[in-house]
*Asks:* 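Take a look at this one; I'll ask things after.
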Amino acid sequence: MALEPDGGQGDTLALRLAAPDSTLSLRLPWRRRAQDDPVDVLAAELAERIGPAVHSYEVAALLESEGLTGEQIRERYGHPGLFSLAADLYRRVPRSFPEPPRGPDPWAPDHVRCALRGALFALPGLAYLLTAGLWHAPRGVYALVAAGLLSWAWGQALSHRAYLRLTAGPREAGRTLLHGAPPGALLASAAALAVAGPGPAALFGAGQSLYLAAAGVLLVRGRELLLLGTLAPLAAGAAVLPWWDPGTLPRVALPVLTVVLAVTAACREIRGMLAAPPEGGSTRPPLAASIPYGLFGLAAGTLVVSVGRHQPWAVIALTVSMGPAEWLLYRYRGLSVAALRASANEAVFRLRSARTLALCLGGYLLPLVLAALLTGAEPAPLLTLAALLWTALLLQAFGLAWFPAVVALTAAAGVAATALLGGPPGTAWPLVCCGTATAVLVIGAVRCLGRPTAHS
């Protein structure tokens with residue numbers, strides 16, 4: 001520690017405190033004292049602890065904790081008592097209020113969980129490889145598409161409502177899942193039967209619907225590892241296909257076993273939730289709050305199917321990317337909170353927020369470009385659809401549900417109408433619809449999420 005006169009000013013004294021990681025410069029009143037004034041020396045030694053004090057009494061308590069006696073105060077520092085010395089130190093040391101240490105990031109993503117979700121969204125597709133030759137029929141594909149769309153829409157709405165009910169305790173959420181999952185599976189199975197008629201395709205559609213309903217229950221409860229275990233028979237059967245044909249019975253038995261395991265695990269999970277003690281808070285959120293999530297699920301499924309008709313590899317890449325997409329949603333929220341702390345005004349934060357959005361969206365799309373190049377898929381349809389879905393999910397994460405639902409539904413309606421009316425083939429029109437919807441969503445995200453109140 002060194003005491004130096006401040007450049008000949010004559011009225012201030014610069015105390016330069018050398019710490020292991022920083023240098024602190026304090027300017028203290030120079031009252032024609034000698035350079036080795038013991039009070040100045042004491043002020044320099046305790047500056048970091050005196051600076052945050054809001055009253056001289058706090059400095060007095062600090063001096064007492066240092067063990068200063070009345071005799072030392074009188075003889076060494078020339079003050080009649082403790083409070084006199086404390087008041088002098090309080091005047092000499094300028095106020096400094098360092099920011100409290102920042103706690104852990106509340107939006108830190110769970111890396112393993114996000115990676116598992118990407119795999120869990122893709123692995124069920126192996127059932128189509130095992131059973132494709134068994135249910136193939138003129139209307140079999142349409143039956144599975146119809147059942148899948150209804151399952152997605154119902155599952156999105158049900159999951160949202162179950163998350164809302166979790167605030168009232170697992171018992172209420174379990175009731176929501178118990179009353180919602182079976183009707184959803186029944187409705188989707190009925191759609192497959194209505195489209196394909198009685199036969200293998202309708203049975204496969206029923207199995208698909210049951211699995212999706214059970215998987216939704218397990219994902220709401222965060223049981224990714226358990227759901228991964230139920231997919232083990234399906235993954236094992238698909239793994240041997242390049243070298244050995246297991247025959248008709250294993251091709252049917254393994255997907256059926258996966259469905260049975262998933263449904264059993266979901267039933268046990270719901271039973272455990274219902275056995276939990278009630279926690280109060282019986283107010284039920286309105287059903288209308290979950291409708292936009294279901295509509296978005298329907299729109300997203302329609303857009304994925306429209307692109308998948310011509311670019312199946314694009315759908316596979318998009319499905320696997322859902323894990324990284326969730327990871328980046330968490331990162332966006334964490335980076336936005338950091339940007340809010342570092343911004344001096346709203347205009348600066350809006351710029352930082354837009355930069356964070358561009359960084360996260362670009363980080364999500366860049367690996368998809370590489371995936372498209374490796375698989376031979378057209379990058380443009382894949383990227384526009386991926387950007388639409390990610391931006392819509394981001395807005396939903398901030399409670400903005402109707403806006404992305406309406407935009408996605410408009411794009412899906414345009415794609416579906418063109419396909420039904422025999423519009424231009426290929427991915428040109430879906431590309432236009434998805435690109436326009438993505439632009440609208442990105443502009444909306446910049447405007448809505450660029451406000452500091454959106455992150456409070």
*Asks:* To the nearest 0.5 Å, what is the distance between OG1 on T436 and CG on L431?
*Replies:*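 That separation rounds to 9.0 Å.
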*Asks:* Keeping the roles fixed (side chain from E172, backbone from A168), state whether a donor-acceptor pair exists under 3.5 Å.
*Replies:* no
*Asks:* Which of these, R331, R333, R117, sits in a salt bridge (Lys or Arg N to Asp or Glu O under 4.0 Å) with E326?
*Replies:* R117
*Asks:* Going by atom types only, do Y332 and T356 share a side-chain donor-acceptor pair under 3.5 Å?
*Replies:*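 No - no donor-acceptor pair under 3.5 Å links their side chains.
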*Asks:* Any sub-3.5 Å donor-acceptor pair from R251's side-chain atoms to L130's backbone N or O?
*Replies:* yes
*Asks:* Taking the six-membered ring for Trp, are H455 and F398 parallel (under 30°), tilted (30 to 60°) or perpendicular (over 60°)?
*Replies:* perpendicular
*Asks:* Going by atom type alone, with no hydrogens or angles, which donor-acceptor pairs under 3.5 Å involve a side-chain atom of residues 261-271 and a protein atom two or more places apart or on another chain?
*Replies:*
from	atom 1	to	atom 2	distance (Å)
T264	OG1	V260	O	2.7
E269	OE1	R223	NE	3.3
E269	OE2	R221	NE	3.2
E269	OE2	R223	NE	3.3
E269	OE2	R223	NH2	3.0

*Asks:* Among L409, L393, V406, I291, which residue satisfies the side chain to side chain contact (heavy atoms under 4.5 Å, CB included) criterion with F296?
*Replies:* L393
*Asks:* Just verifying a value: how many Å separate S321 OG and L328 CG, rounded to the nearest 0.5 Å?
*Replies:*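 It comes to 10.0 Å.
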*Asks:* Using only atom types and a distance under 3.5 Å, with no angle test, would you say the side chain of T438 pairs donor to acceptor with the backbone of C434?
*Replies:*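 Confirmed, T438 side chain pairs with C434 backbone.
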*Asks:* A side-chain contact here means heavy atoms from C-beta on lying under 4.5 Å apart; do P292 and F403 qualify?
*Replies:* no
*Asks:* Any side-chain heavy-atom pair from V348 and R352 closer than 4.5 angstrom?
*Replies:* yes
*Asks:* Given 3.5 Å as the limit, does a donor-acceptor pair link the side chain of S353 with the main chain of R350, or not?
*Replies:*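 No; zero donor-acceptor contacts below 3.5 Å.
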*Asks:* Less than 4.5 Å apart, any side-chain heavy atom of E346 and any of P452?
*Replies:*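 Yes, at least one pair of side-chain atoms sits under 4.5 Å.
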*Asks:* Strictly distance-based, threshold 3.5 Å: is any side-chain N or O of Q311 a donor or acceptor partner for the main-chain N or O of E378?
*Replies:* yes
*Asks:* May I ask you to test the L234-L231 pair for a side-chain heavy-atom distance under 4.5 Å?
*Replies:*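 Sidechains of L231 and L234: in contact.
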